[in-house]
Amino acid sequence: RGQENIWLWLRTSVFTALISVYRNARQDRFARQRQSFMAREERPVRELKSRLSYLKTYPEKVVHERMLEADERLVQTKQLLDAMNSTLIGAVGEDRVYRELMRLPDTYFVLNDFFVGFDPPLYQKSTGSYIRQVQVDHLVISRAGVFLVETKNWSKDSFDRNHSWTPEDQIQRAGYALFILLNGKGFFKWRFFDRRYWKPQKIRVRNVVALTRHKPHTANSLVQWKRVEELNSYLLQRPEEWTQKEVQRMAKYLLKFSGL
């Protein structure tokens, strides 16, 4: 019986110790959670007090900082509005030219927002630069040839400001790339032709800048500057060089690049 009492005492002691350890662990855990909760709740209060103290100590500096922030937001908003305005003006001009080109006879093919990429890029010797891609507002294919039409809805001030990169540079670059595309060595151009010619034929590409506002004075013979109301008249008066079947073949070939 003495041994039984000893074992009972041991079990009771161990059980009591375990309960005490468990209770202490729960109390410590609760204390840590309470401390963490209080720290989270007190942090905003401390930050607010610190901010109020800063406002009271440096009121003029705070006003200056707020004004700088407001100015920066205004500048960013103006830049965004200017970009949106430029995009909107360009879209309005392109739509006006598009509606004008849609008045051409059905024998004329018009591709809008024409894009083509080159891999490897084309080397343009005259500028010493490589052409990886070109995008043109409108491409007109007719019996008179191929016409690149780039729309500019610029004011006189816009033309005066843009000296480093002009519409002439842009469209001549695209015109050169399209000429190589139509007449390059790697292209079996004979499939265009409906007739036999006594000498090799080159498909000419003419560059036209369609203007919806200001028309600048320029002497570049490689680029024609036409107001929107002059555009169709210019296209219709060009002498015919190709048959309608040849025009259809050119248009079908170029359609592959436009994604239509």
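The basis for the numbers below is simple: all heavy atoms, side chains too, and nothing from hydrogens, waters or symmetry mates.
Rounding to the nearest 0.5 Å gives a distance of 8.5 Å between CH2 of Trp225 and CD1 of Ile171. One finds the CG atom of Leu104 at 5.5 Å from the CG atom of Leu236 (value rounded to the nearest 0.5 Å). For the atom pair CG of Leu139 and CG of Asp113, the computed distance is 11.5 Å after rounding to the nearest 0.5 Å.
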I would like to know whether Leu181 and Leu254 meet side-chain contact (heavy atoms from CB on, under 4.5 Å); could you show each step before the answer? CA-CA 9 Å; Leu181 183 68; Leu254 291 172; 4.0 Å; yes
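The side-chain heavy atoms of Ile131 and Ile180, taken from C-beta on, include no pair separated by under 4.5 Å. Using a 4.5 Å heavy-atom cutoff, the side chains of Tyr253 and Leu182 are in contact. Two residues are said to be in side-chain contact when any heavy atoms from C-beta on lie closer than 4.5 Å; Leu235 and Asn232 meet this criterion. Met250 is listed as a side-chain neighbour of Trp242, based on a closest heavy-atom distance under 4.5 Å.
Residues passing the side-chain hydrogen bond (donor to acceptor under 3.5 Å, both in side chains) test with Arg238, sequence neighbours excluded: none. In this view, Arg23 satisfies the side-chain hydrogen bond (donor to acceptor under 3.5 Å, both in side chains) rule with no residue, not counting sequence neighbours. Here Tyr123 pairs with Tyr130 under the ring-ring contact (aromatic ring centres under 6.0 Å, His included) rule; sequence neighbours left out. With sequence neighbours excluded, the residues forming a salt bridge (Lys or Arg N to Asp or Glu O under 4.0 Å) with Arg99 are Asp95, listed by chain and number. Partners of Ala174 under the side-chain contact (heavy atoms from CB on, under 4.5 Å) rule, at least two apart in sequence or in another chain, are Val134, Val136, Leu148. Under the side-chain hydrogen bond (donor to acceptor under 3.5 Å, both in side chains) criterion, Thr127 pairs with Gln124, Ser129, sequence neighbours left out. In this view, Glu229 and Arg96, Arg227 satisfy the side-chain contact (heavy atoms from CB on, under 4.5 Å) rule, not counting sequence neighbours. Not counting sequence neighbours, the partners of Arg204 by the salt bridge (Lys or Arg N to Asp or Glu O under 4.0 Å) test are Glu241. Residues passing the side-chain contact (heavy atoms from CB on, under 4.5 Å) test with Phe109, sequence neighbours excluded: Ile141, Gln244, Val247, Gln248, Ala251. Checked against side-chain contact (heavy atoms from CB on, under 4.5 Å), Pro239 has no partners two or more places apart in sequence or in another chain. Not counting sequence neighbours, Arg32 has no partner by the side-chain hydrogen bond (donor to acceptor under 3.5 Å, both in side chains) test.
Shown here for Phe115 and Gly117, the closest heavy-atom pair between the two residues is CE2-N, 4.0 Å. Residues His138 and Asn112 share a closest heavy-atom pair of ND1-OD1, 2.7 Å. In this structure, Asn207 and Leu222 approach most closely via the heavy-atom pair ND2-O, 3.3 Å. Ala210 and Leu231 get closest at one heavy-atom pair: CB-CD2, 4.3 Å.
Just one of Arg206, Gln170, Gln172 meets the side-chain contact (heavy atoms from CB on, under 4.5 Å) condition when paired with Val223; it is Gln172.
For the salt bridge (Lys or Arg N to Asp or Glu O under 4.0 Å) condition, the pairs that include at least one residue of residues 124-151, sequence neighbours left out, are Arg143-Glu240.
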